[in-house]
Amino acid sequence: MSRIAQRFQQLRESGRTALIPFVTAGDPVPTITVPLMHAMVAAGADLVELGVPFSDPMADGPVIQRATERALAQGVSLTDVLEMVRQFREQDSTTPVVLMGYLNPIEVMGYAAFAQQAQSAGVDGALIVDLPPEEGHDLIALMKAQGLDLVYLLAPTSTESRIKRIGDVASGFVYYVSVKGVTGAGHLNTDAVAAKVAAIKSVIPLPVGVGFGIKDAETAAQLARTADAVIVGSAIVSQMERLAATPQQIPATIADFLAKLRTAIDAVDRSTMPHAESPR
Amino acid sequence: MAIHADKDHASRMTPSVGSTYDLPDDAGHFGVYGGMFVPETLMHPLEELRTAYDACRADPNFQTEMDDDLRDYVGRPSPLYHAVRWSRELGGAQIYLKREDLNHTGAHKVNNTIGQALLARRMGKTRIIAETGAGQHGVASATVAARLGLECVVYMGEVDVARQEANVYRMRLLGASVVPVKSGSRTLKDALNEAMRDWVTNIDNTFYIIGTVAGPHPYPMMVRDFQSVIGREARAQMMERTGRLPDALVACVGGGSNAIGLFYPFLDDADVAIYGVEAAGEGIATGHHAAPLCAGRPGVLHGNRTYLMEDDNGQIIETHSISAGLDYPGVGPEHAWLKDSGRARYDAITDDEALAAFHHLTRTEGIIPALESSHALAYAHKLAPTMRPDQIILVNLSGRGDKDMHTVARHDGLVL
C-alpha cells in the first residue's frame with residue numbers, strides 16, 4: 001500500500017479529514033523549504049504538496065505565480081525539488097509528499113528518469129496540471145511501475161464521462177477544484193462543492209480532496225464536512241510572500257496558521273456525515 | 001465556394017504525389033505534436049468548442065456567412081501581385097506576393113478572427129477574449145467584436161503595451177479593454193497564460209479567440225482552416241495567371257498562422273517546395289532569437305507539444321526579434337510535424353536581413369511590408385538568385401508595415 005493510501009486509511013479509521021498544505025519549493029529561498037515542511041507536519045499537515053516551479057503556470061493565480069517567480073529567480077529546478085524531498089525524508093519517513101507542477105520540466109528530465117528519481121528521493125505521487133489522462137499514457141505507466149501515485153484534478157466542468165475516465169487512472173486521491181478559476185480564486189460555494197464531491201465519490205473509489213480558494217479556517221471547516229482532504233495553497237503562500245524578506249520567520253508563522261485550520265477541521269464531527277463511510 | 005471550385009480545377013491539372021494529407025488525428029495530434037495538454041477545467045470546454053466547430057464546418061450557411069464577410073468586410077480575395085521589378089533586380093525566379101497586407105486591419109489575422117467570432121456568436125457567447133503581442137491580433141479581435149456587438153478583453157504583456165502604443169489605442173477606440181499582463185516575461189507568452197486563466201474563470205459566457213495555430217486542439221486545426229483561404233485563393237490565382245503551380249512557397253513563422261494558411265492547400269503538391277522563415281534576431285549563435293524550429297527542441301507549452309525555446313531545466317526562455325509578431329518561444333505543432341516529416345524546410349532570418357528586405361521592397365515596388373513579412377521577403381531574396389527566371393516563388397506578404405514605422409525609424413537612428 002502506498003504511503004498516501006496508508007495515510008488516508010489511518011485518517012478514515014480515526015474519523016479525521018486530511019489537511020494538505022501547498023507551498024512552492026524554493027519560495028522565497030531554497031533553504032527554507034525543508035524546515036517549513038517539517039514545521040507544517042508538526043502543526044498538523046497530513047500530506048504535503050510541493051509545487052515545482054515552472055515559467056508558465058497557466059492554471060495558477062497571481063499569488064502562486066509570484067511564488068513561482070521568486071523560486072525561479074533562485075534557479076530552483078526539478079532536480080533541486082527532488083533533492084529537497086530527499087532531505088525531508090531523512091527525518092520524516094511517514095508523511096506523504098506529492099509534487100504539483102507542469103509537464104515541461106518532466107519532459108526535459110525524461111519520463112523514465114523522473115519516475116525513477118522521484119521514487120528514490122521519497123516522492124509519493126505527482127499532480128501534473130497540464131497532463132490529462134488522454135496524453136499521459138507513457139508517464140502513467142512509468143510512474144505506476146515505480147509505485148508512484150498519480151493525482152488528478154477534477155473541475156466543476158468535469159462531466160460524468162470525464163470523471164470516469166480519470167477514475168480509471170487516478171490513484172492516491174483526487175483533487176477537486178472547487179471553483180471555475182485559477183488557484184487562489186474567490187467565490188467558493190460550499191453547497192455546490194458538496195454536491196459535486198458526492199457525485200465524484202459515487203464514481204471514483206478514492207479519497208477526494210478539495211482545494212482552490214480556501215482562505216480561512218471557517219471555509220476549511222465547512223469543506224471538511226464533505227471532503228476527505230482540505231487543500232490550502234494560496235492562503236499560505238500569500239503569508240510567505242509578506243515574510244519574503246525575513247524567511248526565517250516563515251516556518252513558525254505558517255505552523256500557527258495551519259494549527260488554526262487543524263483545530264477548525266477537527267471540530268467537525270465526521271461521524272454524522274453522509275460521505276464519511278469508507279469508499280467502496 | 002467559388003474558390004473551392006477553382007481549387008478542384010487546379011488539383012485536376014496538377015498531379016499530386018503520395019497520400020492525401022489528413023492531419024491532425026481525432027485527438028489533435030500531428031505525429032507526436034499537438035494534442036490537448038491543459039488543466040482539467042478546460043477539457044470539457046474544449047470538447048464543446050470542437051463539437052460546435054464541427055457543426056459549423058458541416059453547415060453551408062456558416063460557410064456562406066464567412067465567405068460574405070471575407071468578401072465584403074475584409075476585402076477578399078486579396079490580390080496576387082507579380083513583383084516584376086524586384087524579381088528583375090534579384091536576377092532569378094519570378095516573385096509573386098500574396099497581398100494579405102491589403103486586408104481590412106492590415107494583415108492576415110482578420111481571416112481567423114472573423115471565423116472564430118462567428119463561431120462564438122453561434123455558441124451564444126457574449127464576451128470574447130484574446131492575447132496579443134504586437135497588437136495585430138488584438139486589433140483584429142477588437143474589430144470583429146465591435147462589429148458583432150460582443151464585449152472584448154485583450155491581454156497584452158506590459159512590455160508590449162509600452163512598445164505598441166498605437167495599437168493599444170486602436171483597440172481601445174474599437175471598444176476593447178486592454179489588460180496589461182505583469183507576470184513572467186510580460187510579453188506574448190504571458191498574455192496567452194493570462195487569457196487561459198480568464199477563460200477558465202469565465203467559461204460560461206466567454207469565447208477565447210487564439211490568434212495563431214498554437215494552443216490545445218482544436219485551435220491549431222481551426223485557425224489553420226480559417227487561414228487556409230490564403231493558400232486556396234493563391235493556388236487558384238496562380239493557376240489562372242500562369243497556368244501552373246509555384247515552385248516554392250515562402251512565409252514567415254512566429255506561431256505560424258499565415259504560413260500554415262498559405263502552405264496547407266499545397267501540402268499534397270510534392271513538386272512545390274515549402275519554406276518557413278523564423279526570426280534569427282541578432283543571430284542564432286547569440287541566443288537572442290525566436291527560432292524554436294531551427295534552434296529549439298520539443299516540449300509542452302500552452303496546451304500542445306511542439307518545438308520550444310527552453311533552458312536545460314525545461315523553463316521557457318525569453319525570445320528576441322525586431323518583429324514583435326515573431327517574438328514567441330513556441331510554434332504551431334503542425335509546423336513541428338512538417339519540419340520532422342521533411343515536407344517543409346525551416347530557416348531563420350536576422351533582424352538586419354529583414355530590415356534590408358523591408359527597405360528593398362519598399363523602394364523597388366512601393367509596398368511597405370510588415371517586419372514579420374520582411375523575414376519571408378529576405379528569404380526569397382536569398383532563394384530567388386539560385387533559381388531560373390522561369391521559376392516562381394510565392395511569398396505571403398502577411399501584413400503591411402504601417403505599424404512598424406517607429407521601430408524602423410528608431411533602428412535608423414530617427415525619432416518620429
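Each chain gets a letter, A, B and so on, in the order its sequence line appears, and its residues count up from 1.
Using the six-membered ring where Trp is involved, A/F212 and A/Y175 have ring planes that are perpendicular, over 60° apart on the 30 and 60° scheme. Ring orientation note: the planes of A/F8 and A/F173 are tilted relative to one another, at an angle of 30° to 60°.
The closest donor-acceptor contact from the side chain of A/D124 to the backbone of A/V97 lies under 3.5 Å.
For B/E194, the part lying under 4.5 angstrom from a heavy atom of chain A is the side chain only. Residue A/I106 does not touch chain B at all, counting heavy-atom pairs closer than 4.5 Å. Of the two parts of B/P216, neither the backbone nor the side chain holds a non-hydrogen atom closer than 4.5 Å to a non-hydrogen atom of chain A. Only the side chain of A/L103 comes within contact range of chain B, judged by heavy atoms closer than 4.5 Å. For a residue to count as touching a neighbouring chain, one of its non-hydrogen atoms must lie under 4.5 Å from one of that chain's; by this rule A/I128 does not touch chain B. Heavy-atom distances place both the backbone and the side chain of A/P57 under 4.5 Å from chain B. With a threshold of 4.5 angstrom between heavy atoms, B/D312 approaches chain A through N, CA, C or O but not through any side-chain atom. Residue contact with chain A, scored on non-hydrogen atoms closer than 4.5 Å, involves the backbone and the side chain of B/I316 alike.
Screening A/L99, A/D80, A/V76 for a side chain to side chain contact (heavy atoms under 4.5 Å, CB included) with A/V52, the sole residue that qualifies is A/L99.
Comparing B/L301, B/V200, B/L308 by how many heavy-atom pairs each has under 4.5 Å with chain A, the most go to B/V200. Interface summary for chain A: among B/V300, B/L42, B/I203, B/N313, the most heavy-atom pairs under 4.5 angstrom belong to B/V300. Top candidate by heavy-atom pairs under 4.5 Å with chain B, chosen from A/D60, A/L78, A/V108, is A/V108. Put simply, of A/Y102, A/Y152, A/F54, the one with the most heavy-atom pairs under 4.5 Å next to chain B is A/F54. Contact count versus chain A (heavy atoms, under 4.5 Å) is highest, among B/H44, B/Q315, B/R305, for B/Q315.
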I'd like to know whether B/K125 forms a salt bridge (charged side-chain N to carboxylate O under 4.0 Å, His left out) with B/E151, so could you lay out the CA-CA distance, the side-chain angles of the two residues, the decisive distance to 0.1 Å, and finally the verdict. CA-CA 10 Å; B/K125 306 291 184 183; B/E151 184 191 347; over 6 Å; no
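With 3.5 Å as the limit, one finds no donor-acceptor pair spanning the side chains of B/D190 and B/S183.
Taken to the nearest 0.5 Å, the CG atom of A/L223 stands 12.0 Å off from the CG atom of A/D228.
Between A/R70 and A/E241 a salt bridge is recorded (basic side-chain N to carboxylate O distance below 4.0 Å).
Between B/Y307 and B/Y33, the gap from one ring centroid to the other is short of 6.0 Å.
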